[in-house]
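Counting convention: from 1, in listed order, for ligands and their atoms alike.
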Amino acid sequence: MSGQLRYDGQVVVVTGAGGGLGKAYATFFASRGASVVVNDLGGSFKGEGNSTKAADVVVNEIKAAGGKAVANYDSVENGDRIIDTAIKAFGRIDILINNAGILRDVSFKNMKDEDWDLIIKVHVKGSYKCARAAWPYFRKQKYGRIINTASAAGLFGNFGQANYSAAKLAMVGFTETLAKEGVKYNIISNVIAPIAASRMTETVMPPDMLALMKPEWVVPLVAVLVHKNNTSENGSIFEVGGGHIAKLRWERSSGQLLKCDDTYTPGAVLKKWNQVCDFSKPQYPSGPNDFLALLEDSMKMGP
Ligand code: NAD
């Protein structure tokens with residue numbers, strides 16, 4: 001892949017495209033020849049209220065620059081309506097960017113069911129609903145590209161974000177499975193943990209740091225991952241922001257096989273604790289069968 005990547009004739013759905021990262025994706029893809037569905041519920045960053053303004057402003061901006069875009073004001077919980085907008089307006093869907101998101105930060109001690117449920121609904125159910133509605137089109141045309149949006153809070157945990165962390169790590173598992181199920185239909189799914197200045201981060205990051213974190217600087221990675229030439233990165237996890245891009249993967253210690261008889265006690269586990277946690281010979285598993293294979297290998301060798 002070199003030269004200018006273009007998306008002519010392709011249809012891109014960007015959820016939460018009324019501001020922040022979503023707006024940056026939408027305007028970019030429109031400027032590179034794609035027709036874009038600009039979805040945004042238009043509420044607050046805590047998920048309160050709704051308005052048509054956020055999506056309309058972006059659509060007008062794209063059109064004024066000579067691009068093609070339509071607005072959709074549904075919540076991502078009604079992902080089927082968002083995908084319908086793409087089909088009705090442009091006749092197809094090629095790329096889905098699950099980006100919409102909100103925050104309900106509160107310490108776990110003070111977290112209410114409503115804080116938990118709303119975050120799971122918007123991030124997890126919303127991403128599922130959009131992908132589920134796009135999936136039959138992707139399979140039929142043997143082509144599709146999906147980006148799901150995780151967060152460092154999901155990968156590593158973060159104070160005050162138990163709900164958001166759970167939802168964001170769910171995006172990783174979701175992506176990994178879509179990547180496996182989609183690959184034979186040329187449906188490629190990847191997940192990013194971005195960092196960017198937006199209304200979500202403007203209250204928690206200092207202005208000098210925000211200046212280094214333009215949403216536009218997340219776009220090039222996403223552009224590469226959803227391009228038709230990308231057939232190699234599938235089910236990959238990236239952290240991206242401020243111009244830095246890094247890939248993440250699971251690392252497993254080489255571990256310890258214990259004999260499964262009456263010597264397999266908590267004390268026996270404690271005795272082998274150093275080996276259980278020994279990362280000096282790491283493994284990089286990519287599926288549930290890796291562990292079973294490991295078990296078979298270890299059994300052959302004996303404890
Ligand atoms: P943002 O608040 O600027 O953008 C999110 C957009 O989603 C908003 O325009 C909002 O109206 C829209 N939205 C919210 N709920 C919706 C719903 N139910 N249906 C449709 N639209 C809805 O925030 P952002 O920083 O651009 O965040 C974009 C994504 O990136 C989010 O998923 C966020 O969790 C994730 N993220 C951002 C950062 C960061 O540093 N900005 C870090 C990690 C993850």
Subject >> ligand 1 N/O within reach of Lys168 N/O, cut-off under 3.5 Å >> reply: yes

Original post:
Between the main-chain N or O of Ile82 and the side-chain N or O of Asp80, is there a donor-acceptor pair closer than 3.5 Å?
Top reply: no

**OP:** Write out the residue and atom name of the closest protein heavy atom to atom 32 (O) of ligand 1, then the distance separating them to 0.1 Å.
**Re:** Asn99 O, 2.7 Å

Subject >> ligand 1 atoms in contact with Asp74 (distance to a heavy atom under 4.0 Å) >> reply: 19 (N), 20 (C)

Subject >> Identity and separation of the nearest protein heavy atom to atom 38 (C) of ligand 1 >> reply: Pro194 O, 3.7 Å

Original post:
Who's the nearest protein heavy-atom neighbour of atom 35 (C) of ligand 1, and how far?
Top reply: Thr149 CG2, 3.5 Å

Original post:
In ligand 1, which numbered atoms sit nearer than 4.0 Å to a non-hydrogen atom of Thr201?
Top reply: 39 (C), 40 (O), 41 (N)

Subject >> Proximal ligand 1 atoms for Gly20, defined as those under 4.0 Å from one of its heavy atoms >> reply: 3 (O), 26 (O)

Subject >> Close approach of His123 to ligand 1, heavy atoms, under 4.0 angstrom >> reply: yes

**OP:** Tell me, please, which residues at least two apart from Glu216 pass side chain to side chain donor-acceptor pair (under 3.5 Å).
**Re:** none

**OP:** Determine, using heavy atoms of Ile195 and all atoms of ligand 1, whether some pair is separated by less than 4.0 Å.
**Re:** yes

**OP:** Please determine, by modelled atom types, if Asn98 and Asn148 share a side-chain donor-acceptor pair under 3.5 angstrom.
**Re:** yes

Original post:
Which residue and non-hydrogen atom of the protein lie closest to atom 23 (O) of ligand 1, and at what distance in Å?
Top reply: Ser198 OG, 3.5 Å

**OP:** Write out the residue and atom name of the closest protein heavy atom to atom 11 (O) of ligand 1, then the distance separating them to 0.1 Å.
**Re:** Asp40 OD1, 2.5 Å

Original post:
Which pairs pass side chain to side chain donor-acceptor pair (under 3.5 Å) with one or both residues in residues 45-58, sequence neighbours excluded?
Top reply: Ser44-Glu48, Asp56-Tyr73

Subject >> Close approach, Leu103 and ligand 1, non-hydrogen under 4.0 angstrom >> reply: no

**OP:** Nearest heavy atom to atom 22 (C) of ligand 1 wins, so pick from Pro215, Ser75, Ala100.
**Re:** Ala100

Original post:
What are the two closest non-hydrogen atoms of Val70 and Val59, and how far apart are they?
Top reply: C-CG2, 3.6 Å

**OP:** Quick one: look up the protein heavy atom nearest atom 41 (N) of ligand 1 and list residue, atom name and how far away it is.
**Re:** Ala196 O, 3.0 Å

Original post:
Taking a hydrophobic cluster as the set of Ile, Leu, Val, Met, Phe, Trp and Tyr residues connected by side-chain heavy atoms closer than 4.5 Å, whether directly or through intermediates, do Tyr7 and Val224 fall within one such cluster?
Top reply: yes

Original post:
Between Ser75 and Asn78, is any side-chain donor less than 3.5 angstrom from a side-chain acceptor?
Top reply: no

Original post:
Taking only heavy atoms of Asn39, which atoms of ligand 1 are found under 4.0 Å from at least one of them?
Top reply: 20 (C), 21 (N)

**OP:** List the atom of Ala150, the atom of Val191, and the distance in Å for their closest heavy-atom pair.
**Re:** CB-CG2, 3.7 Å

Original post:
With no hydrogens and no angle check, do the side chains of Asn190 and Glu233 hold a donor and an acceptor under 3.5 Å apart?
Top reply: no

Original post:
Counting each atom of ligand 1 from 1 as listed, which ones have a heavy atom of Ala150 under 4.0 Å away?
Top reply: 44 (C)

Original post:
Looking only at heavy atoms, what is the nearest atom pair of Leu178 and Ala131, with distance?
Top reply: CD1-CB, 4.2 Å

Original post:
Where is the nearest protein heavy atom to atom 34 (O) of ligand 1: which residue, which atom, and how far?
Top reply: Tyr164 OH, 2.5 Å

Subject >> Salt-bridge criterion met for Glu61 and Lys23 (N-O under 4.0 Å) >> reply: yes

Original post:
So, does Gly126 sit close enough to ligand 1 that a heavy atom of it is under 4.0 Å from the ligand?
Top reply: no

Subject >> Within reach of ligand 1, part of Met213 (heavy-atom separation under 4.0 Å) >> reply: neither

